[in-house]
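Each remark here refers to the structure printed beneath this line.
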Amino acid sequence: MKQRFSALDVRATVTALQQRIVGLRLQGIYDVNAKTFLFKFTKPDHKELVLVESGIRIHTTDYTRDKSITPSNFCMKLRKHLKARRLTAIRQIGMDRVVDFEFAVAAGAHAEGTYHIICEFYASGNIILTDYQYNTLALLRVVHVDADTAFAVGRTYCLSESRGVEPVERAALVEFLSKAGPKDNLKRTLASFGAFGPALSEHVIIRAGLSPTLRIATGLDLDPNSPQISALVEAYQEAYDIVIRLGREVSPGYITYMPKLETDDDSENVFDEFNPWLFEQHKTKPHDEYPSFADAADVFFSNMEAQKLKVKAHQQELAAEKKLGAIKSEHEGRVAALERAHRKTEEQARRIEINLEFVDQAILIIRQAVAAGMDWKELEELVRDQQDQGNPVALRILKLNLAANQITLELDDPADSDDDSSDDEADVDQNDFSGALAVDVDIFESAFANAQRYYNSRRQAGVKHAKTLAISSQALQSAEQKIKTDLKATKVTVTVSQSRKPFWFEKFSWFISSDGYLVLAGRDMQQNELLVKRHLRGGDAYVHADIHGAASVIVKNKPATESAEAIPPSTLFQAGIMSVCQSRAWDAKIVTSAWWVEASQVSKTAPTGEYLSTGSFMIRGKKHFLPPTQLVYGFGFLFRLADDESVARHVHARQQRQAIMEENLRTAMGAGSEPTQATDESVSLEAVGDDSVAVVSGKAPAEGGAMDFSAARKKYNLEEIETAAVDEFGEEDKTPAARSEGKRQISAKERRDMRKQRTTGDAVPVPTVPVGKVGKKEQKRLDEEAKFEKSQQKQQLLHQQQHKR
């Protein structure tokens, strides 16, 4: 697998970078790790990220990586000298794997103030910052070539030793091949010939019709005029043309994959190599083509990084699982040991009871010998002599521990002697203590006392075993929690993910309306100015509110639509909510209405003698007022789809939801019925104050399926609101008599009679009130009377209940 850039890769990358980043300013330098740096080049509404790994690679990237929180000293040095400087040139030094970034001043590249970044991609690599005379100011690592040559601060970087690429001469090729050893083949020998590199050299061999494994000494005719040499020279000429072309044009990139085995049909493709040219040796392999070599290198290395990080994280998880498994095994072993000790103590007590007479005899013999004052060593010799003579009691004594007043006896279970019984065999398989068992016996206690001592020990072992089992789950949970905490603290958190290119409207506040229209609002005065000047087009709607701080909102209409009347009222209402919620009405909790106008009514030209500040606009013509808006605002989460397959499944999601909504609407309106079309009538309103109230047209929109304005007026009950406005604020007749026309006032005497009749239960004729609008004062008075009557009825009921008692 290819691991680093070749000279040909560097050449192709530099050609692509010359077109993509030259002229841009360096806005940021970041540490990815100790050897990898991210350079951010920007211009208005555009940025390019260049990833440089010392000694390995250089390419633009579309993937995001976690950067170091604290920049290194070398990174701070680069920022100090280069931040906000314009990149004026980038070039490859000869045909070497060295790239020179030039940040020149206006006076020229040879004037003071010019800086260079030299990036080396051979051996361990290096990144060097120099001035206009190539004097080293800072570098990633100090390199001592010999006593007189070193790459260090204060030294001059030498560019004269670089090598170039030249057409291959026949005589030079024959001379080079004649120096090959007896076992050298063409591929290994020509890899170091010229500046073509291994991949292009193998391409030359195949193009010449030769085998890369051909031995030069035995299989190649070194005569300058031989067909093999002529074919090689011709192939090298094609290779030279490839090198020249890669230095002039941006070439596509290719990633080749390792061939799959017959048993690995379902496995994923494994990357093998990346190249700026589809060489002959790679045409038969599975491969993918990318628009540029930088894109191919970015995909190749980013996937390699992601795989390495996954492997590292997986290894950490395995280590944590292994540690937890060891803790569980240790705990299970401890529990098993306690359980075994419990069963062994019980078995020892049982063996004493079974061999009761024998145990008493052994205790009596040893006790008498000790009481007679026999030396302990002599007693041990006596026991051994008796064992040699076949004494049955002495044969069962394994050890004398007279310092602790104990002897160790070997006690059998008579039930174990019957080996012919299958039941006994099953019992032996289940019993871990079959056969003779060593039992320690106190010589100053009887056999029954020794058995009782073992039973007491068994009870203690049982209690300890029960306590261990009781706290086992809690101990395991505590250990597991501690391991998870340690894993979280040391877990690899570096991620490599493909970055998403933001849409142009994401710099503003925005949302997609329920009807599928894009609604934009400025975040401040400058964005309001930019939004209207740059993005408000004919057919769009401008939404605003007559309150301080209201945002300038535009609704982007569908293409080829000349009027904003085609925009559904629900979308305009949502845009009005957005404008009002960003105003002072949000803090003051004021319910107000927004309005909208056509794009042609918005102008930046102020009347004579007036001045429009930034973010302010002049509205000419009538404003279309919207219903009172609710002070309700929200936010949403965006989920980025990971691959193209997921994107394809969600392309028509909005259209599908819209179709379901329309189907539900038709179902609600009745089977087979169609939505009613609005008539071509319009309702005019009177002028109120200094603003012009909207003249709303009820004409159905041209775009299919959109709600018309007449339906919206009925939905939001605008007719009643307008009628009330005319009644209270109309210009025709403002007298109290005119406002109360059609309404009959109830006198105080009539109200008293009505209350009396209610208390006695008699019917009383209620004066009828002609149908009409009830004023606010009259409605308030009626509500107060109703409350008073209810309180009177409650008091009367309480009085009646007390009277009955």
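Residue numbers count from 1 along this sequence.
- Partners of Ala217 under the side-chain contact (heavy atoms from CB on, under 4.5 Å) rule, at least two apart in sequence or in another chain, do not exist in this structure.
- Between Glu48 and the choices Lys43, Arg20, Lys40, the side-chain hydrogen bond (donor to acceptor under 3.5 Å, both in side chains) rule is met once, by Arg20.
- Taking Phe271 as the reference, Tyr257, Phe300 meet the ring pair (Phe, Tyr, Trp, His ring centres under 6.0 Å) condition, with sequence neighbours excluded.
- Residue-environment remark: CD (Glu506) exceeds the threshold of 12 foreign heavy atoms within 6.0 Å.
- Atom-to-atom distance recorded for Leu159:CG and Ile93:CD1 is 5.0 Å, nearest 0.5 angstrom.
- Between Asp96 and Arg163 there is a salt bridge, since at least one side-chain N of the basic residue sits less than 4.0 Å from a carboxylate O of the acidic one.
- The closest side-chain donor-acceptor pair between Arg57 and His59 falls under 3.5 angstrom.
- You'll find the ring centres of Tyr115 and Tyr132 outside the 6.0 Å limit.
- Judged as a side-chain hydrogen bond (donor to acceptor under 3.5 Å, both in side chains), and not counting sequence neighbours, His203 has no contacts.
- Looking only at distances, a side-chain donor or acceptor of Gln527 sits under 3.5 Å from a matching main-chain atom of Arg523.
- Note that OG1 of Thr36 and CZ of Phe301 are 10.5 Å apart. Values are rounded to the nearest 0.5 Å.
- Aromatic ring pairs are classed by plane angle as parallel below 30°, tilted from 30° to 60° and perpendicular above 60°; the pair Phe508 and His535 is perpendicular.
- Of the N and O atoms on the side chains of Glu102 and Thr88, at least one donor lies less than 3.5 Å from an acceptor on the other residue.
- Between Glu289 and His287, the side chains place no donor N or O within less than 3.5 Å of an acceptor N or O (distance only, hydrogens not considered).
- Within 6.0 Å of the CZ atom in Arg245, the count of heavy atoms belonging to other residues, nucleotides or ligands does not exceed 12.
- One side chain, Tyr134 or Asp100, offers a donor N or O that lies under 3.5 Å from an acceptor on the other.
- For Tyr122, the side-chain contact (heavy atoms from CB on, under 4.5 Å) partners two or more places apart in sequence, or in a different chain, are Arg97, Val98, Glu120.
- The structure places CD1 of Ile117 at 5.5 Å from CD1 of Ile29, a figure rounded to the nearest 0.5 Å.
- Checked against side-chain contact (heavy atoms from CB on, under 4.5 Å), Ala320 has the following partners two or more places apart in sequence or in another chain: Ile483, Leu487.
- A donor-acceptor contact under 3.5 angstrom links the side chains of Thr61 and Asp298, judged on distance only.
- Using cut-offs of 30° and 60° for the angle between ring planes, the Phe103 and Phe101 rings count as parallel.
- Considering only residues two or more places apart in sequence or on other chains, Ser6 meets the side-chain contact (heavy atoms from CB on, under 4.5 Å) condition with Lys2, Leu8, Asp9.
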